[in-house]
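Input: a single structure, listed below in structure tokens.
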2 protein chains.
Amino acid sequence: MPDRDLPSLNAMRAFEAAARLGSMSLAAHELHVTHGAVSRQVRTLEEALGQPLFTRQGRGVVLTTTGQQLRELCSAAFGQLRDGWLQLRNAQASAACVLGCSGSVLARWVIPRLERLRHDLPALTLHLAVQEEPVADHLANVDAALLLAAPPWPAGWQVHELAPERIGPVLSPRYPGADRLREQPACALCDEPLLHPASRPQAWPEWARAMGLPAESLRQAQALPHLYFLLEAAAAGLGVAIAPQPLVADDLASGRLLAPWGFCETSARWALVSARRDDARLAALADWLHRELAET
Amino acid sequence: MPDRDLPSLNAMRAFEAAARLGSMSLAAHELHVTHGAVSRQVRTLEEALGQPLFTRQGRGVVLTTTGQQLRELCSAAFGQLRDGWLQLRNAQASAACVLGCSGSVLARWVIPRLERLRHDLPALTLHLAVQEEPVADHLANVDAALLLAAPPWPAGWQVHELAPERIGPVLSPRYPGADRLREQPACALCDEPLLHPASRPQAWPEWARAMGLPAESLRQAQALPHLYFLLEAAAAGLGVAIAPQPLVADDLASGRLLAPWGFCETSARWALVSARRDDARLAALADWLHRELAET
DNA sequence: CGAATACTTGAGTTAAACTCACGCCATGCC
DNA sequence: GGCATGGCGTGAGTTTAACTCAAGTATTCG
């Protein structure tokens, strides 16, 4: 006995459907169960109430007087619940969602895909905010942040891991010696001026380690304050840069940049993180980001 | 997913209790489950809604704004359901219940116990109706009938079997030769004038068979139209009657009748039968009758 | 700082709910 | 009448949602 004063709510839902549709079988179909299940639930309810709700007459069922009263009661209560529930859901689903991410990611990946995002998730109203790392301090100002970082994640964050990070060297076809370099193995880069992001001095050594090259042999020539400038510099033919694959995917496709040695995974992850749990908008957004990152 | 538009009702009930009491643990206690169970249900609900309902702060929980709205919604809906449900239950529980039974049973068993019944089941308003067998034709006029009959029961009846019937010979201490007879084995009755009920000529042979006596050896002297008259005749010392044990229990206790050879079971049963299913009043009445019959 | 309190969470278990398959009954059609 | 059809009831077996248990975390209080 769940409660002496209140019967099984699931049984009531089954009854309400059966009463509304005038048939156990139709109700069963609506609830995606078999007619036997509905039959049993209704029977349970009748036993709990102490009187029949339907009169069975061979083919079909008809509500008793008591059944009609209970039907009205259930319809009203469940209708109220559903309306209120949907209202609460929609209120938040339609609220704007502020997404923070670094300028580089924003400019080179998010913005080019905004139109597609609007098309795929029309219900989502997205606002964008530039947010350089460390993100932790700014997480309170946004609903979520799209970032590249390595686990473990700070406690209390809600994290949707989207994809492993893959980085690799890129250079412009206009770079002097580009034609020569692209034919050679990765170790040829030891002799080239390497551009690296100031925010991430470990990028080249990480890559070298993954490729089996001695990290010391690399010559980091020029640091640039943002990945965005780094890539612009590389595109301008100033040197060889290193970048996450999705950020250069468009340039690779257009031939503006080359990646002769491909990309390799690091320990970092693309992730959508937020301070608040249980935001359905973010779940949908994470799902979309996951698919979009996997596509390139 | 039970339904896209309506979340788990059980989760809502758990949430409502937790919100009302301001504590998962207290809600768990109210619902007779562990606090872990409530925690999970609330979590399920939060995930379905896509936003948190409580803010957890170490010790204790507090409702979010959304949580407060959902709490009001749930309280209203569940309150409505409970009130309506109880009203439907009570409406029928307080309606008078018409019980039919034979005049003999009524006079010699039911009426002497009416006071006790009123005391044990104060909520039951009982009306009595005399109803001689066959009962089938009259079942429509009463809510239920108390009767003695053998299975199988007609289809469509709701039957509460109460106890096996036990019958045995009874005689008055004033009966000539009572003192002699009571010391002798049952076969001594072969020589006595036996009173039998017109409505049930098989009573004596049935008893004889159960006792291992040849049925033919019995001499049925006098038929009387009702068990009631039969027992009055026996009490007046006119002969030896045969009767169900409960109907003479009071007379045996007072010494007005003797049953020197005890009682033995027949294939018949005391039963409370009705045409309607699922009447909580009858379930309670059957339970009381069962206990009362077992007591003698 | 340790004890106490309250929620969370992962693993394993249980009881409710479901499916399946068959039976029954009424209706309608040949 | 005989037979097919549609709908409900029910017993047996199985699935699954919900639960318990136990360990973990965070906060408060003496």
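All chains are named by letter (A, B, ...) in the order of the sequence lines, taking the proteins before the strands, and each is independently numbered beginning at 1. For the numbers below, each heavy atom of this structure counts, side chains included, while hydrogens, waters and symmetry mates do not.
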Inset, instruction - For B/Gln87, look at atom CD and say whether over 12 heavy atoms of other residues, nucleotides or ligands are found less than 6.0 Å away. - result: no

Inset, instruction - Check every atom of D/dG7, C/dT9, D/dT10 against the side chain of B/Arg43 and return the nucleotide holding the closest atom. - result: C/dT9

Legend entry - Atom pair CG (A/Leu146) and CH2 (A/Trp109), whose distance is rounded to the nearest 0.5 Å: 6.5 Å

Please list, for nucleotides 18-20 of chain C, all pairs of protein and nucleotide N/O atoms separated by less than 3.5 Å.
| residue | atom | partner | partner atom | Å |
| --- | --- | --- | --- | --- |
| C/dC18 | OP2 | A/Gln41 | NE2 | 3.3 |
| C/dT19 | OP2 | A/Thr34 | N | 2.5 |
| C/dT19 | OP2 | A/Thr34 | OG1 | 2.8 |

Legend entry - Whole-Å gap separating C1' (D/dG6) and CE (A/Met24): 15 Å

Inset, instruction - Starting from P on D/dC8, measure out to CD on A/Gln57 and report it in whole angstrom. - result: 11 Å

Inset, instruction - Report the distance from atom NE2 of B/His29 to atom C1' of C/dT5, rounded to the nearest whole Å. - result: 16 Å

Inset, instruction - Would you mind classifying the nucleic acid contact of A/Ser39 as base, sugar-phosphate or nothing, using non-hydrogen atoms under 4.0 angstrom? - result: base

Inset, instruction - Using modelled atom types only, decide if a donor and an acceptor are shared between the side chain of A/Glu132 and the backbone of A/Gly103 within a distance under 3.5 Å. - result: yes

Legend entry - A/Leu70 and A/Cys74: CA distance, side-chain angles, deciding distance, side-chain contact (heavy atoms from CB on, under 4.5 Å) verdict: CA-CA 6 Å; A/Leu70 188 61; A/Cys74 290; 4.1 Å; yes

Inset, instruction - Before accepting this row, confirm whether a basic side-chain N of the pair A/Glu46/A/Arg43 lies closer than 4.0 Å to the acidic partner's carboxylate O. - result: yes

Inset, instruction - State whether B/Ser8 places a side-chain N or O below 4.0 Å from either non-bridging phosphate oxygen (OP1 or OP2) of D/dA17. - result: no

Inset, instruction - Please state how far atom CZ in B/Phe54 lies from atom P in C/dA6, giving the value in whole angstrom units. - result: 15 Å

Inset, instruction - Find which nucleotide of DNA chain D each of B/Ala11 and A/Val61 is nearest to by heavy atoms, and output the residue with the more 5' nucleotide. - result: A/Val61

Legend entry - Distance in angstrom units between A/Leu21 CG and D/dC8 P, rounded: 11 Å

Legend entry - Value rounded to 0.5 Å, distance of CG in A/Leu73 from CE in A/Met12: 6.0 Å

Inset, instruction - Calculate the interatomic distance between B/Glu47 atom CD and D/dA18 atom P; express it in whole Å. - result: 13 Å

Legend entry - Phosphate contact (D/dG6 OP1 or OP2) by A/Ser25 side-chain N/O below 4.0 Å: no

Inset, instruction - Using whole Å, report how far CG of B/Leu31 lies from C1' of D/dC19. - result: 13 Å

Inset, instruction - May I have the distance from B/Leu26 (atom CG) to C/dA6 (atom P), rounded to whole angstrom? - result: 8 Å

Legend entry - Residues, nucleotides or ligands: over 12 heavy atoms within 6.0 Å of A/Gln68 CD: yes

